Amino acid sequence: MNRFEPKIVAFLCNFCSYEGADRAGSSKLEVPPNIRSIRVMCSGRVEPEMVIEALTNGADGVLILGCHPGDCHFKEGNYKTLRRHSLLLRMLREFGIEPKRVRLDWVSASEGQKFAEVTNEMTEIVRSLGPLELTACR
């Protein structure tokens with residue numbers, strides 16, 4: 001029996017989360033191969049449309065990782081992300097997509113261990129949900 005392996009797109013902010021991912025790798029922490037990272041300058045640049053596009057193009061889940069609130073290099077980018085995330089969750093429910101398929105979290109450059117934990121948790125959650133099956137609207 002083949003075990004379902006989800007595809008997870010991770011939007012990582014340049015200054016914190018991307019560096020946290022790098023720290024996880026250089027520390028040889030176990031990070032699932034299911035994660036496809038996309039480096040963005042700030043989590044505030046991740047539009048809901050980008051998440052929906054990832055899901056409609058084959059991702060089973062999406063992670064949005066940014067700087068901790070108050071530590072954004074662009075001052076308020078992560079607060080914008082937080083507001084957009086709540087809107088995004090409402091959109092997902094309207095589309096019939098389980099909100100657990102999209103996760104927002106904060107990972108700093110020094111938190112390689114947290115990056116590994118978040119990515120492993122997300123992989124297990126999406127694995128338990130199974131493949132994302134979208135039906136086309138006609």
Side-chain angles (χ1 to χ4, degrees):
M1 181 170 95
N2 291 336
R3 185 165 99 160
F4 165 64
E5 289 300 334
K7 293 180 199 93
I8 300 171
V9 171
F11 293 100
L12 309 177
C13 78
N14 184 57
F15 294 102
C16 284
S17 302
Y18 190 83
E19 295 299 323
D22 189 50
R23 172 141 326 194
S26 62
S27 299
K28 299 186 183 347
L29 299 174
E30 190 171 322
V31 176
N34 309 68
I35 306 299
R36 311 302 197 271
S37 297
I38 298 174
R39 188 180 199 170
V40 294
M41 285 308 293
C42 177
S43 62
R45 298 294 306 252
V46 179
E47 302 278 346
E49 294 88 355
M50 295 165 69
V51 174
I52 300 298
E53 184 176 347
L55 294 171
T56 58
N57 284 310
D60 298 298
V62 175
L63 269 171
I64 304 167
L65 300 178
C67 304
H68 288 272
D71 289 340
C72 180
H73 287 74
F74 295 96
K75 306 243 188 263
E76 297 181 8
N78 46 19
Y79 293 115
K80 182 189 286 188
T81 305
L82 190 56
R83 289 190 304 272
R84 284 183 176 162
H85 183 254
S86 61
L87 170 67
L88 178 61
L89 294 180
R90 287 192 304 243
M91 289 171 62
L92 293 176
R93 285 186 201 95
E94 289 292 321
F95 295 150
I97 299 171
E98 300 97 334
K100 287 184 177 182
R101 290 188 182 275
V102 177
R103 178 174 175 173
L104 169 63
D105 215 322
W106 317 116
V107 175
S108 74
S110 65
E111 293 181 311
Q113 181 66 43
K114 183 173 181 184
F115 179 84
E117 290 169 5
V118 167
T119 55
N120 280 295
E121 287 170 11
M122 183 66 175
T123 300
E124 287 306 315
I125 288 168
V126 177
R127 188 178 285 135
S128 72
L129 291 170
L132 176 60
E133 296 178 15
L134 298 175
T135 56
C137 298
R138 296 181 192 236

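Keep in mind it's a predicted model, so treat the numbers as computed, not measured.
- The backbone N or O of L132 sits less than 3.5 Å from a side-chain atom of D60, completing a donor-acceptor pair.
- Atom CG in L129 sits 7.0 Å away from atom NZ in K100 (nearest 0.5 Å).
- In terms of heavy atoms, R101 sits closest to P131 at NH2-O, 3.5 Å.
- Using the six-membered ring where Trp is involved, F15 and F74 have ring planes that are tilted, between 30° and 60° apart.
- No more than 12 heavy atoms of other residues, nucleotides or ligands lie within 6.0 Å of CD in E76, so this atom counts as exposed by the packing criterion.
- Under the 4.5 Å side-chain heavy-atom criterion for ILVMFWY residues, no single connected hydrophobic cluster contains both I97 and I8.
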What verdict does the side-chain contact (heavy atoms from CB on, under 4.5 Å) test give for L63 and T119, after you've listed the backbone C-alpha separation in whole Å, the side-chain angles of each residue and the deciding distance to 0.1 Å? CA-CA 8 Å; L63 269 171; T119 55; 3.9 Å; yes
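- A side-chain donor-acceptor contact under 3.5 Å links K114 to the backbone of W106.
- With a 6.0 Å radius and a threshold of 12 heavy atoms from other residues, nucleotides or ligands, R45 has its CZ atom at or below the threshold.
- Expressed to the nearest 0.5 Å, how far CG of L92 lies from NE2 of H85 amounts to 8.0 Å.
- Remark: E53 CD is loosely packed, at most 12 non-hydrogen atoms of other residues, nucleotides or ligands lying under 6.0 Å away.
- Under a cut-off of 6.0 angstrom, the local environment of CZ in R103 is crowded, with over 12 non-hydrogen atoms contributed by other residues, nucleotides or ligands.
- Remark: C13 SG to I64 CD1 distance equals 12.0 Å, nearest 0.5 Å.
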Pair V51, M91 - check side-chain contact (heavy atoms from CB on, under 4.5 Å), show working. CA-CA 11 Å; V51 174; M91 289 171 62; over 6 Å; no
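- The main-chain N or O of L65 is never found under 3.5 Å from a side-chain atom of S43 such that the two would form a donor-acceptor pair.
- With hydrogens and angles disregarded, no donor-acceptor distance shorter than 3.5 Å links the side chain of Y18 to the backbone of I38.
- Closest approach of G44 and T81 over heavy atoms only: N-OG1, 3.0 Å.
- Note: the hydrophobic cluster containing V9 does not contain V126 (ILVMFWY, side chain heavy atoms under 4.5 Å, direct or indirect links).
- When all heavy atoms are compared, the tightest approach of V107 to G20 is CG1-CA, 4.4 Å.
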C67/H73 under side-chain contact (heavy atoms from CB on, under 4.5 Å): CA gap, chis, key distance, verdict: CA-CA 8 Å; C67 304; H73 287 74; 4.0 Å; yes
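- If you take CG on N78 and CZ on R83, they are separated by 10.0 Å, rounding to the nearest 0.5 Å.
- The nearest pair of heavy atoms linking A24 to G112 is CB-O, 3.4 Å.
- How far OG of S110 is from CD of E19: 11.0 Å, rounded to the nearest 0.5 Å.
- Looking at S26, its side chain does come within 3.5 Å of a backbone N or O of R23 through a donor-acceptor pair.
- Hydrophobic clustering keeps M122 apart from V40 (ILVMFWY residues linked when any side-chain heavy atoms are closer than 4.5 Å, directly or through intermediates).
- The distance from the CZ atom of F115 to the OG atom of S37 is 5.0 Å, given to the nearest 0.5 Å.
- A donor-acceptor contact shorter than 3.5 Å is absent between the side chain of R93 and the backbone of P99.
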Under the criterion side-chain contact (heavy atoms from CB on, under 4.5 Å), I'd like the reasoning laid out for N14 against R39: C-alpha separation, chi angles, the key distance, then a yes or no. CA-CA 6 Å; N14 184 57; R39 188 180 199 170; 2.7 Å; yes
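- Linking ILVMFWY residues whenever their side-chain heavy atoms come closer than 4.5 Å, directly or via other members, places F11 and I52 in the same cluster.
- If you chain together hydrophobic residues whose side chains sit under 4.5 Å apart, L55 and F4 never meet in one group.
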